[in-house]
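Inspection log for the structure reproduced underneath, given as structure tokens.
Naming convention: chains lettered A, B, ... in sequence-line order (proteins, then strands); numbering from 1 in each chain.
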Number of protein chains: 2
Amino acid sequence: MYERKIPLTIDCGLHLTREILNGKWKPAILNAISMNIKRPSEIGRTLPDATRRVLSAQLKELEEHGIIEKKIYPQLPPKVEYSLSEIGWSLMPIIDAMNIWGDQNRDFLEKVIAKDPKITKMSKSPCELIRRETSDEK
Amino acid sequence: MYERKIPLTIDCGLHLTREILNGKWKPAILNAISMNIKRPSEIGRTLPDATRRVLSAQLKELEEHGIIEKKIYPQLPPKVEYSLSEIGWSLMPIIDAMNIWGDQNRDFLEKVIAKDPKITKMSKSPCELIRRETSDEK
DNA sequence: CAGAATCCACCAGGATACTG
DNA sequence: CAGTATCCTGGTGGATTCTG
């Protein structure tokens, strides 16, 4: 065994939340699930730039962290549906706020972020926010 | 020159916001600055686990992204003060929400996150949230 | 005190191929 | 369709040192 040299720090709530949301696609995944896009293949179609491998990994983490729940239908072909847990739903206002803030400041943000050499690809479609109409009655 | 193989994707507002907040200490830095902790050394003291190198880097990014502003006092020893920009302030409700959500669910989150082998260090102090009283008059 | 310059360990996440 | 196993690379962020 080897003692970790760089221990990760979790102190105030901010860090806990950061940890939960830490993962390139996690916010988007949660957003998708909240919109009733619950099957892995659907989520994959919604996030075409995410690999299935990474998607699976982040879904698993979210599940292990208790943010989403997984329902497996023992069929062929297999069918799986994810849904937000109680805690997961309580996270949605934050996701929504991020979504809205980003859209509201889109023009500015795209400008300043475009300078960043790390960002090379930008597609501009705002996320759908139809959830309110559809599945918010949870 | 070399064409990037793995372009970063930015599409809906969610991703823009994720990009801005992407950095281990960025939310905490913003939180600190919003509480009138504006000098680099102070911020460093507030976040003892962050290196000065990383702190500097993330401060610079936040500044380049227009989230914070930097004021340099040409003195010896040098003095620098950061402050939130207009846009930066508009981000604070999200930071606050993350802070509050994390604190509210602290017990649960610490339990599920503790299982994660990647996390080895956890300190439990909630962040101070006294800002409302002090510097919200911006 | 602020921060730039190095150096490097580690891992998130992308590509691919394979099972049930 | 869902998920796992391999393999690999770019980049984050930690440690350290040096300057003004």
Side-chain angles (χ1 to χ4, degrees), chain A residues 2-9 15 18-29 33 37-64 68 70-82 116-121, chain B residues 1-9 15 18-19 21-29 33 37-64 68 70-82 116-121:
Chain A
Y2 197 59
E3 199 186 330
R4 194 186 180 76
K5 296 187 196 115
I6 306 165
L8 303 190
T9 312
H15 290 289
R18 243 206 92 257
E19 194 55 37
I20 292 297
L21 257 22
N22 197 24
K24 184 167 179 180
W25 303 101
K26 281 190 192 168
I29 289 173
I33 296 181
I37 301 172
K38 25 182 65 176
R39 300 191 55 185
S41 51
E42 292 174 329
I43 300 176
R45 244 169 281 132
T46 308
L47 306 171
D49 292 323
T51 322
R52 271 180 305 146
R53 186 189 136 347
V54 175
L55 235 41
S56 290
Q58 309 213 341
L59 280 166
K60 186 186 281 186
E61 274 190 29
L62 287 170
E63 191 203 350
E64 286 169 351
I68 61 177
K70 181 181 192 172
K71 174 152 193 187
I72 303 179
Y73 297 82
Q75 309 178 342
L76 228 62
K79 177 177 172 182
V80 169
E81 281 187 356
Y82 289 97
D116 196 322
K118 285 179 299 184
I119 313 294
T120 58
K121 181 183 175 186
Chain B
M1 263 311 161
Y2 197 59
E3 200 187 328
R4 196 188 179 73
K5 297 189 196 112
I6 306 165
L8 302 191
T9 311
H15 290 287
R18 243 206 91 257
E19 195 55 35
L21 257 22
N22 197 24
K24 184 166 179 179
W25 302 100
K26 281 189 191 168
I29 289 173
I33 296 180
I37 302 171
K38 25 182 65 178
R39 300 190 56 185
S41 49
E42 291 174 329
I43 300 177
R45 244 169 282 129
T46 309
L47 306 172
D49 293 323
T51 322
R52 270 181 306 147
R53 189 192 124 0
V54 175
L55 235 41
S56 291
Q58 310 214 339
L59 280 165
K60 184 186 283 183
E61 274 190 30
L62 286 169
E63 191 202 352
E64 287 169 351
I68 61 176
K70 180 180 193 170
K71 174 151 193 186
I72 304 179
Y73 299 82
Q75 310 180 341
L76 229 61
K79 176 176 171 182
V80 170
E81 280 186 356
Y82 290 97
D116 197 321
K118 287 179 298 186
I119 314 293
T120 59
K121 182 184 176 187

Rounded to the Å, how far apart are A:Ile68 CD1 and D:dA2 P?
13 Å
Distance below 4.0 Å between B:Gln58 side-chain N/O and D:dG13 OP1 or OP2
yes
Between NZ of B:Lys26 and P of D:dT12 the distance, given in whole Å, is 9 Å
Does D:dA2 have OP1 or OP2 sitting under 4.0 Å from an N or O in the side chain of A:Lys70?
no
Give the angle between the helix axes at the two ends of the helix from C:dC1-D:dG20 to C:dG20-D:dC1, taking five base pairs at each end and rounding to 10°.
40°
Between D:dA5 (C1') and A:Lys60 (NZ): distance, integer Å
11 Å
Reported CG-to-CG distance for the pair B:Leu21 and A:Leu21, which is rounded to 0.5 angstrom
9.5 Å
A:Arg53 side chain: which of D:dT6, D:dG14, D:dG3 is closest?
D:dT6
Which donor-acceptor pairs under 3.5 Å do the side chains of residues 51-58 of chain A make with protein atoms, sequence neighbours left out?
| residue | atom | partner | partner atom | Å |
| --- | --- | --- | --- | --- |
| A:Ser56 | OG | A:Arg52 | O | 3.1 |
| A:Gln58 | OE1 | A:Trp25 | N | 3.0 |
| A:Gln58 | OE1 | A:Lys26 | N | 3.2 |

Check the distance between C:dC1's C1' and B:Lys71's NZ and give it to me in whole angstrom.
18 Å
Gap separating the CD1 atom of A:Ile43 from the OH atom of A:Tyr82, nearest 0.5 angstrom:
7.5 Å
Minimum-distance nucleotide (side-chain atoms of B:Pro78 versus D:dG20, D:dA2, C:dT16)
D:dG20
Here the distance between atom P of C:dG3 and atom CD of B:Glu64, to the nearest Å, is 13 Å
Let me confirm one number: the CG-CD1 distance from B:Leu59 to B:Ile29, rounded to the nearest 0.5 Å.
4.5 Å
Distance below 4.0 Å between B:Tyr82 side-chain N/O and C:dG3 OP1 or OP2
yes
I need the CG-P distance between A:Asp49 and C:dA12, as an integer number of Å.
20 Å
Roughly how far apart are B:Leu47 CG and B:Ile37 CD1, rounded to 0.5 Å?
8.0 Å
Does A:Leu59 or B:Pro77 map to a spot on DNA chain D nearer the 5' end, using the closest nucleotide for each?
A:Leu59
Does the pair A:Lys24 and B:Arg18 meet the rule for a side chain to side chain contact (heavy atoms under 4.5 Å, CB included), with working shown?
CA-CA 8 Å; A:Lys24 184 167 179 180; B:Arg18 243 206 91 257; 4.1 Å; yes
From CG of B:Asn22 over to P of C:dG13, roughly how many Å is that when rounded to an integer?
9 Å
Shortest side-chain distance from A:Pro40, nucleotide among D:dA2, C:dC1, D:dT17
D:dA2
Residues forming a side-chain contact (heavy atoms from CB on, under 4.5 Å) with A:Glu81, sequence neighbours excluded:
A:Lys38, A:Arg39, A:Tyr73, A:Lys79
Does D:dA2 have OP1 or OP2 sitting under 4.0 Å from an N or O in the side chain of A:Ser56?
no
A:Tyr73 OH to D:dG3 P: how many Å, rounded?
13 Å
What's the closest nucleotide to the side chain of B:Arg39 if the choices are C:dA2, D:dG14, D:dA2?
C:dA2
